[in-house]
Amino acid sequence: MTSLVRHITIDCADAYKLAGFWSGVLGAPLSDEDAPGDPEALVEAPGAALLFISVPEPKSTKNRLHLDIQPQGRTRDEEVERLLGLGATLVADHRRPNGRGWATLADPEGNEFCVECGAAERAALTGTRLPVTADDVTTAVRLAVDALRESSVDNWLVPAGSLEWDCWGTAEHLSDDLFSYAAQLGPRQPSLDTYVPYRWSADHKGGPMNAIFADRSAGPAGLLQTLEASGALLAAMVRTASPEVRSYHSYGVSDPEGFAAMGIVETLVHVHDLAASLDVRWTPPADLCDRVLARLFPDAPKDADRWAVLLWATGRGELPGHPRVTSWKWQSAPLEESGRD
């Protein structure tokens with residue numbers, strides 16, 4: 001057994017005040033147990049929380065340890081301006097004309113930290129694709145559940161779009177897919193030639209083969225709860241599994257990123273199947289579609305609307321200038337291991 005970093009602890013003059021600044025930086029909450037004037041304050045950031053402790057000694061020299069932060073959903077320069085607005089000061093500007101580099105800032109008590117390029121900026125600078133992440137799984141599933149909850153249709157036993165399955169069975173199948181992808185990443189030594197041996201069955205003739213089923217007495221609200229829970233399981237497994245893990249999929253042995261991308265595609269396209277029948281609007285974010293296309297459909301057209309391309313790649317739509325897809329499969333194996341990266 002080894003150790004984990006539980007807290008990153010920072011000495012300061014006013015623990016609660018400085019913790020409030022860092023709560024704004026990270027978008028993470030302060031502990032409910034802390035209040036102004038307390039000698040300690042905790043910012044409950046994912047991974048390792050930041051613990052601030054009030055001490056009588058002032059800061060006297062440059063920190064031997066500092067934090068490097070990467071903006072989420074903003075550029076490096078936009079984040080620098082945001083943090084200056086929160087009370088940070090610019091210590092040194094290492095940003096270069098070509099877009100590389102970083103800015104060194106100080107928090108209100110003078111503790112230095114650096115703001116680096118965001119993931120999208122890094123990808124543009126290096127010519128690489130953006131990875132599909134656990135957060136992407138969470139985003140896709142939450143958007144799906146929120147959209148489906150808006151449906152005013154009571155009868156979920158009508159066909160789901162062009163599928164032979166009804167809406168209940170399609171949503172149940174999606175929940176089962178997310179659960180199954182999470183399960184493939186669970187064993188200490190995942191199998192490379194078979195799925196985890198749950199018992200698969202259909203609960204009625206012509207229905208999807210699932211390992212898990214929703215309680216029909218719970219209604220659509222309960223069904224969507226199972227979908228959200230399965231999505232959370234997949235996000236958790238993708239977040240915690242080593243990138244080196246490999247596990248079986250019928251289209252090729254895959255890695256955590258691959259299972260994340262597969263779960264997202266299943267979510268996006270099956271909600272599309274459901275949307276027309278359940279009278280809900282559904283257009284997922286273009287950047288999310290782009291990331292899963294780059295991971296699973298590397299040969300898909302890159303010069304067209306990303307959602308339209310994903311629907312075309314999965315046989316659900318037309319794409320001008322391209323023949324309709326009637327049979328498809330994704331690239332589940334890591335691209336660098338198949339010579340495609």
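Numbering of residues begins at 1 and proceeds along the displayed sequence. Here the structure is a predicted model, which means the values were calculated and not measured.
How far CZ of Arg281 is from OG of Ser151: 14.5 Å, rounded to the nearest 0.5 Å. Separation of atoms CZ (Phe52) and OG (Ser54) is listed at 10.5 Å; rounding is to 0.5 Å. For the atom pair Leu51 CG and Ile10 CD1, the distance stands at 9.0 Å (nearest 0.5 Å). The CG atom of Asp14 lies 6.5 Å from the CD atom of Glu109; values are rounded to the nearest 0.5 Å. Going from atom CG of Asp136 over to atom OG1 of Thr267 covers 11.5 Å, rounded to the nearest 0.5 Å. Between atom OG1 of residue Thr314 and atom CG of residue Leu293 there is a gap of 9.0 Å, rounded to the nearest 0.5 Å.
Minimum heavy-atom separation, Cys12 to Leu18: CB-CD2, 3.6 Å. Val153 and Ser277 make their closest contact through CG2-O, 4.0 Å (heavy atoms, listed as atom of the first residue, atom of the second, distance). Scanning both residues, Ser254 and Ser332, for their nearest heavy atoms gives OG-O, 2.6 Å. Between Leu234 and Gly263, the shortest heavy-atom contact is CD2-CA, 4.0 Å. Pairing each heavy atom of Val309 with each of Ala300, the nearest pair is CG1-CB, 3.8 Å. The minimum heavy-atom distance between Ala235 and Ala134, with the atom names listed, is O-CB, 3.3 Å.
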Let's go through Glu228 and Arg149 carefully: what are the C-alpha distance in whole Å and the side-chain angles of both, what is the deciding distance for salt bridge (Lys or Arg N to Asp or Glu O under 4.0 Å) to 0.1 Å, and is it a yes or a no? CA-CA 12 Å; Glu228 197 164 23; Arg149 279 179 177 153; 3.3 Å; yes
Go through the steps to decide whether Asp215 and Ser217 satisfy the test side-chain hydrogen bond (donor to acceptor under 3.5 Å, both in side chains), and finish with yes or no. CA-CA 5 Å; Asp215 182 354; Ser217 68; 2.8 Å; yes
Go through it in stages, so that I can follow the logic: the residues are Asp203 and Arg216, the test is salt bridge (Lys or Arg N to Asp or Glu O under 4.0 Å), and I'd like the CA-CA distance, side-chain angles, deciding distance and then a yes or no. CA-CA 11 Å; Asp203 68 349; Arg216 288 183 180 261; 3.7 Å; yes
Applying salt bridge (Lys or Arg N to Asp or Glu O under 4.0 Å), run through Asp107 and Lys59 and close with a yes or a no. CA-CA 12 Å; Asp107 70 19; Lys59 182 178 184 292; over 6 Å; no
Glu116 and Arg122: salt bridge (Lys or Arg N to Asp or Glu O under 4.0 Å), yes or no, with the steps? CA-CA 9 Å; Glu116 300 183 344; Arg122 284 184 178 274; 3.0 Å; yes
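Remark: the backbone N or O of Asp166 is paired with a side-chain donor or acceptor of Thr170 at under 3.5 angstrom. Side-chain atoms of Gln184 never come within 3.5 Å of backbone atoms of Pro190 as a donor-acceptor pair (strictly under, hydrogens ignored). In terms of modelled atom types and a separation under 3.5 Å, the side chain of Arg76 and the main chain of Gly99 share a donor-acceptor contact. Not a single donor-acceptor pair under 3.5 Å links the side chain of Glu150 to the backbone N or O of Ala147.
The number of heavy-atom neighbours closer than 6.0 Å to CG of Asp32, taken from other residues, nucleotides and ligands shown, is 12 or below. More than 12 heavy atoms of other residues, nucleotides or ligands lie within 6.0 Å of CG in Asn98, so this atom counts as buried by the packing criterion. By the 6.0 Å contact criterion, CD on Glu44 is enclosed, its count of non-hydrogen atoms from other residues, nucleotides or ligands being greater than 12. Arg324 CZ: more than 12 foreign heavy atoms inside a 6.0 Å radius.
Side-chain N/O atoms of His66 and Asn63 include no donor and acceptor closer than 3.5 Å. Side chain to side chain, Asp193 and Ser191 meet the donor-acceptor criterion of an N or O pair below 3.5 Å.
For residues 139-171, the pairs satisfying ring pair (Phe, Tyr, Trp, His ring centres under 6.0 Å) are Trp165-His173, with sequence neighbours left out.
A salt bridge links Arg295 with Glu257; the closest basic N to acidic carboxylate O contact falls under 4.0 Å. The residues Arg82 and Glu79 are annotated as salt-bridged, a charged nitrogen and a carboxylate oxygen being separated by less than 4.0 angstrom. The pair Asp290-Lys302 fails the salt-bridge criterion, with no side-chain N (NZ, NE, NH1 or NH2) lying under 4.0 Å from an Asp/Glu carboxylate O. Taking the charged nitrogens against the carboxylate oxygens, Arg142 and Asp146 have no contact shorter than 4.0 Å, which rules out a salt bridge.
Taking the six-membered ring for Trp and the full ring otherwise, the centers of His272 and Trp282 sit at least 6.0 Å from each other. Taking the six-membered ring for Trp, Trp312 and Phe297 have ring centres at least 6.0 Å apart.
Hydrophobic clustering, with ILVMFWY side chains joined whenever heavy atoms are under 4.5 angstrom apart, keeps Leu233 apart from Val145.
Relative ring orientation between Tyr181 and Phe259 is described as tilted, the plane-to-plane angle lying within the 30° to 60° band.
Applying the ring-ring contact (aromatic ring centres under 6.0 Å, His included) test to Phe179 and every residue at least two apart in sequence or in another chain returns Tyr198.
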